Amino acid sequence: MRFLFKTDYEDDIKLFPHSGYVVSYGILLALLLIAPYVLSSYLMSQLVFVCIYATVGVALLILTGFTGQASLGHAAFLAIGAYTAAYLQKYNVPFPVYFLAAGALSGLIGAMVGFPALRLQGIYLVIATISFALIVEEILARWESVTNGNEGMRVKTLSLLGVTVPRDSPTFYFLCLAVLVLTIVGTLNLLRSPTGRAFVAIRDSETAARSMGVNVALYKVKSFAISAAITGFAGVLFAHKLSFISPEMFTLQLSIEFIIVILIGGTFSLHGAVLGAIFIVMIDPFLTYLKDDMPGIIAGIAATFGAGSATAGNIQSKVAAFASLNGLKGAIYGIIIMLFVLFEPLGIYGRWLKIKLFFQLFPLYKRATFKRQKIYVKSERNR
Amino acid sequence: MLDFVQQLVSGVALGCVYGLIALGFVLVYKATEVVNFAQGDLMMLGGFFAFTFIGMMGLNYWIGFAGAVAAMALFGMLAERVVVRPILGYPQFSIIMATIGLGYFLRSIAGMIWGTDDLKIETPFSQGVLRMGTLVLAYDKLSVIAATMILCTLLWLFFNKTTLGTAMRASSENMLAAYYMGIPVKRVVSIVWAISAAVATCAGVLLAPITFIHSNVGLVLGLKAFPAAVLGGFGSIPGAVVGGVLIGVIESMAGFYLAEGWKDVAPYIVLLAVLLLKPEGLFGLHVRKKV
């Protein structure tokens with residue numbers, strides 16, 4: 001283990017606190033860069049979705065994790081980005097232009113949502129963002145001249161600098177990865193800038209932030225706008241990956257999935273967004289595995305432990321019936337959300353930190369290090 | 001004119017259902033300052049319980065109704081014990097997420113048990129209409145309106161006239177102070193969840209003849225109940241019902257007089273407007289911020 005002795009204020013905000021970071025993230029990046037030549041096309045496709053979800057997760061983390069403004073409406077920003085791309089594409093606008101336009105439009109609308117949100121707190125903000133997302137969903141379904149209504153829109157293959165980039169190609173994956181890495185690095189830089197520290201101050205105590213001279217209103221709107229803009233960029237990639245978009249893809253369910261991404265990953269670190277994105281994307285392959293392979297494996301295990309072929313077949317069919325139950329995914333989501341909120345509110349990344357700390361402090365580890373504090377706040381109505 | 005009255009009455013009936021679900025939100029919010037995002041799903045589950053008792057086991061309607069209410073009250077306590085109590089006193093966002101998770105879970109479990117078809121309960125009110133001149137009012141809608149009135153009055157009396165009700169309000173305003181004054185806050189919260197699940201069940205059973213019961217009904221109607229609760233001012237019992245009725249009327253008027261599509265967004269536009277102009281709602285307490 002390595003002790004970090006900080007001798008300078010600059011040490012607090014270094015991008016890489018020590019060389020170990022450079023090595024480990026360098027190896028990770030190298031692995032990600034050779035991935036398309038090693039992994040199967042199915043896994044590559046999942047990896048692209050991980051990149052997109054992680055980008056949205058980072059965006060949501062800026063807003064919810066670091067500014068403390070909960071949002072259950074991020075699917076709407078994703079939709080705005082996706083539809084802007086699909087619409088501008090019809091007029092042969094080149095990719096870089098509509099990519100930036102999608103981000104700009106989402107950011108603008110995000111700022112417009114941010115202004116009303118200034119007066120709202122806690123639960124009211126959640127409800128307001130939900131209703132914003134529902135209104136956007138309805139507009140997408142009804143504004144047929146632009147969005148083609150419920151029939152959805154086809155998204156043409158991406159073409160960058162005259163080269164077409166099919167949605168399954170390694171180049172498209174590299175594009176998504178580049179957007180994710182740029183987002184993460186940009187966010188890290190944002191967080192160590194005065195703006196980012198103002199965000200964190202607002203999260204921790206609005207009153208204290210205001211008394212330190214932070215313009216709370218301005219920074220809240222900024223946070224909304226930045227978060228929405230990044231989500232808009234992700235929306236363009238999302239539209240290209242799916243090659244077809246329709247209003248029923250951008251429902252409240254998707255917004256909740258984004259919240260799950262940061263909740264499961266951990267709401268206090270950017271690692272969390274990536275881990276959560278991996279988790280959310282991997283649920284589908286896991287269910288497929290449960291449906292296709294698990295029954296056979298369990299029956300095989302039962303057979304080796306001396307169960308007759310009839311019993312084994314019985315077990316196999318029962319497991320298969322369970323795995324193909326309708327709505328199993330929803331139940332898994334529900335259970336996972338509840339378990340994480342109840343037992344691991346810091347998320348997967350928090351669990352990793354605990355394990356790391358355990359080994360670092362080995363005989364001296366205290367469970368109470370990460371104990372949550374009850375706050376028993378007074379009523380919001382009196383606050 | 002007749003159209004208008006007809007729309008008004010069906011809007012009021014629909015609004016009463018929103019109001020009943022909003023009552024559940026308000027009860028839990030009033031007592032614990034927590035918003036239960038699974039309220040609509042509790043309603044759905046109550047409807048399914050009633051369907052099991054009445055439709056599948058063939059019990060008398062009223063006995064089945066009472067049985068469903070009792071079962072759901074127990075279920076509400078169980079849900080509170082398992083999901084909410086461990087995180088009582090933690091930030092609101094945790095509890096919101098936990099109840100969203102609970103809602104997901106209930107929705108898919110109900111889908112697994114009772115299937116995905118629309119189910120229907122035969123009620124004593126399903127047939128028959130009340131004719132007043134040329135105006136035709138269905139009994140099932142009138143029954144919803146009447147039941148809402150009764151429940152609202154009972155709950156209002158409970159909160160304002162009984163010791164337990166006062167204890168609930170106290171524990172909402174300052175949980176720690178309530179502890180110090182000897183109020184068993186945990187038991188109070190548990191009772192609140194039982195009551196709100198029971199109210200949700202009433203909504204579910206009364207709704208059964210109008211919208212049928214299926215596993216997603218809770219999500220759809222639960223989302224419509226938010227505008228109702230906000231419009232009335234989260235935390236006001238009469239406000240929830242008035243808000244619900246207003247939302248119901250707005251929705252049915254928008255469906256009749258405006259272009260297609262307005263019906264579904266009108267409640268949310270109203271909600272955003274209310275949040276912007278009068279965040280404390282129509283009946284909410286306006287308390288000056290103390291810094």
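The model shown is predicted, which means the values in this text are computed figures rather than measured ones. Below, read A as the first sequence line, B as the second, and so on, with proteins coming before strands; counting in each chain starts at 1.
- By number of non-hydrogen pairs under 4.5 angstrom with chain B, the leading residue of Ala141(A), Ala128(A), Gly330(A) is Gly330(A).
- Ser94(B) and Val341(A) make their closest contact through O-CG1, 3.3 Å (heavy atoms, listed as atom of the first residue, atom of the second, distance).
- We find the CE-CD1 distance between Met97(B) and Ile260(A) to be 6.0 Å, quoted to the nearest 0.5 Å.
- Only the side chain of Leu72(A) comes within less than 4.5 Å of a heavy atom of chain B; its backbone N, CA, C and O stay farther away.
- At a 4.5 Å heavy-atom cutoff, the contact between Leu263(A) and chain B is made by side-chain atoms alone.
- The distance from atom CG of Leu342(A) to atom CZ of Arg85(B), rounded to the nearest 0.5 Å, is 13.0 Å.
- When heavy atoms are compared at a cutoff of 4.5 Å, Ile336(A) does not approach chain B at all.
- For the atom pair Ile96(B) CD1 and Ile127(A) CD1, the distance stands at 8.0 Å (nearest 0.5 Å).
- Proximity to chain B (any heavy atom under 4.5 Å) is shown, for Thr267(A), by neither the backbone nor the side chain.
- Between chain A and the options Val83(B), Leu219(B), Val82(B), the largest number of non-hydrogen pairs under 4.5 Å is found for Val83(B).
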Worked check of side-chain contact (heavy atoms from CB on, under 4.5 Å) between Val35(B) and Tyr124(A): CA-CA 10 Å; Val35(B) 176; Tyr124(A) 291 102; over 6 Å; no
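- Contact detail for Ala331(A) and Ser108(B): the closest heavy-atom pair is N-OG, 2.9 Å.
- Atom-to-atom distance recorded for Ile100(B):CD1 and Tyr333(A):OH is 13.5 Å, nearest 0.5 angstrom.
- If you measure heavy-atom distances from Leu106(B) to chain A, you find no contacts under 4.5 Å at all.
- Open room surrounds CE on Met181(B); 12 or fewer heavy atoms of other groups in view lie less than 6.0 Å from it.
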Begin from the C-alpha positions of Leu328(A) and Met112(B) and carry the test side-chain contact (heavy atoms from CB on, under 4.5 Å) through to its verdict. CA-CA 8 Å; Leu328(A) 189 62; Met112(B) 287 178 195; 3.8 Å; yes
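- Among the residues in residues 131-139 of chain A, those with a non-hydrogen atom closer than 4.5 angstrom to a non-hydrogen atom of chain B are Ser131(A), Leu134(A), Ile135(A), Glu138(A).
- For Leu102(B), the parts sitting under 4.5 Å from any heavy atom of chain A are the backbone and the side chain alike.
- Here Lys329(A) contributes atom NZ and Tyr104(B) contributes atom OH; the two are 8.5 Å apart, rounded to the nearest 0.5 Å.
- Residue Leu339(A): no heavy atom, backbone or side chain, is found under 4.5 Å from chain B.
- For CZ of Phe286(A), the number of neighbouring non-hydrogen atoms (other residues, nucleotides, ligands) closer than 6.0 Å is 12 at most.
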